[in-house]
Each structure stands twice: as C-alpha cells, then as structure tokens.
Amino acid sequence: VQLQASGGGLVQAGGSLRLSCVASGFIFQIRAMMWYRQAPGKQRELVATVTSGGSPNYADSVKGRFTISRDNAKSTVYLQMSSLKNEDTGVYYCNTRLGIDYWGKGTQVTVSS
C-alpha cells in the first residue's frame, strides 16, 4: 500500500490550497479515505473522511471551509482547503484502514498571517 500526498505549501491566511493523495496497492474504490493533520506539538487529528460511496464528513474546525472528494478512476483523494487560518498549519496525511492504518508521507501546509 502506498499513499502519496502532495499540494502543500505556504499560503497567506484567507487563501486556498488543494491537496492530492494518490493511492496504490489496494482496491481504492471500496475503501474510505481520510485526511489527518498534525500541528507542531499536537496530536494528529482527523480532518475529513470520504466513504467509498463519496459521502463526506468533517471535523467541526474545518466545516464550511474544506471539501474532501475522490476520483476512483485516478485512485486519488483530494482536500480543497479555503479560507485558511493560522491554526490550519501542520503536516497533512492521507490515510486508509485495511485492518491496520496506512499513512502517506505527509505534505506540509503553512498558513501565514
């Protein structure tokens, strides 16, 4: 199983970024996919989930600002982030569970004021 996240970067508060995670090594279309993030000195937290059927769910802190989606033909999950805040800064990881958790390498998102 491989999860390759990309799309992070430095952005000003109020800006937008789109993260992508390309998956391989498992049957992507039947698995829920998640985005987590970890801020410096904090525990990793769940940001958004998309079910195999495409239904999203979000942490309260990102509702209305982030959108998770998936393209099964490309085995890719996306996280569109808008109205970014300083507290969105962190390393963002995509994740799936196949009995155990699989994690991608992570992509850094830094929001500056």
Legend entry - Nearest heavy-atom neighbours spanning Asp88 and Ser83: OD2-O, 4.4 Å
Inset, instruction - Decide whether Tyr93 and Leu17 are clustered together by the hydrophobic rule: side chain heavy atoms of Ile, Leu, Val, Met, Phe, Trp, Tyr closer than 4.5 Å, transitively. - result: no
Legend entry - Verify same cluster id: Val91, Met34 (apolar side-chain graph, 4.5 Å): yes
Inset, instruction - Please list, chain by chain and in numerical order, all residues satisfying salt bridge (charged side-chain N to carboxylate O under 4.0 Å, His left out) with Asp101, sequence neighbours excluded. - result: Arg97
Legend entry - salt bridge (charged side-chain N to carboxylate O under 4.0 Å, His left out) involving Arg44 - partner list, sequence neighbours excluded: none
Legend entry - ring pair (Phe, Tyr, Trp, His ring centres under 6.0 Å) partners of residues 52-83, not counting sequence neighbours, each pair once: none
Inset, instruction - Keeping to residues at least two apart or across chains, list the ring pair (Phe, Tyr, Trp, His ring centres under 6.0 Å) pairs with something in residues 25-55. - result: Tyr36-Trp103
Which value, rounded to the nearest 0.5 Å, describes the distance between [X] atom [atom1] and [Y] atom [atom2]?
X     : Y     : atom1 : atom2 : answer
Cys21 : Leu79 : SG    : CG    : 10.5 Å
Gln2  : Ser75 : CD    : OG    : 12.5 Å
Thr89 : Leu84 : OG1   : CG    : 8.5 Å
Thr76 : Met33 : OG1   : CE    : 9.0 Å

With sequence neighbours left out, what residues match [X] under side chain to side chain donor-acceptor pair (under 3.5 Å)?
X     : answer
Asn86 : none
Glu45 : Arg37
Lys74 : none
Asn72 : Arg70

Show which side-chain atoms of residues 104-113 pair as donor or acceptor with protein atoms under 3.5 Å away, not counting sequence neighbours.
unit_1: Thr107; atom_1: OG1; unit_2: Gly8; atom_2: N; d: 3.0
unit_1: Gln108; atom_1: NE2; unit_2: Gly90; atom_2: O; d: 3.4
unit_1: Gln108; atom_1: NE2; unit_2: Thr110; atom_2: OG1; d: 3.3

Inset, instruction - For the residue pair Met81 and Val11, establish whether any side-chain heavy-atom pair is separated by less than 4.5 Å. - result: no
Legend entry - Pairwise side-chain contact, Val1 with Leu98, heavy-atom cut-off 4.5 Å (strictly under): yes
Legend entry - Selection residues 3-32 - residue pairs positive for side-chain hydrogen bond (donor to acceptor under 3.5 Å, both in side chains), sequence neighbours left out: none
Inset, instruction - Would you mind listing every disulfide bond (SG atoms under 2.5 Å apart) that reaches into residues 31-83, with sequence neighbours excluded? - result: none
Output side-chain donor-acceptor pairs under 3.5 Å for residues 49-56, partner residues at least two apart or in another chain, one line each.
unit_1: Thr51; atom_1: OG1; unit_2: Gly53; atom_2: N; d: 3.3
unit_1: Thr51; atom_1: OG1; unit_2: Gly54; atom_2: N; d: 3.3
unit_1: Thr51; atom_1: OG1; unit_2: Ser55; atom_2: N; d: 3.0

Inset, instruction - Check whether more than 12 heavy atoms from other residues, nucleotides or ligands sit under 6.0 Å from atom CD1 of Ile27, and answer yes or no. - result: no
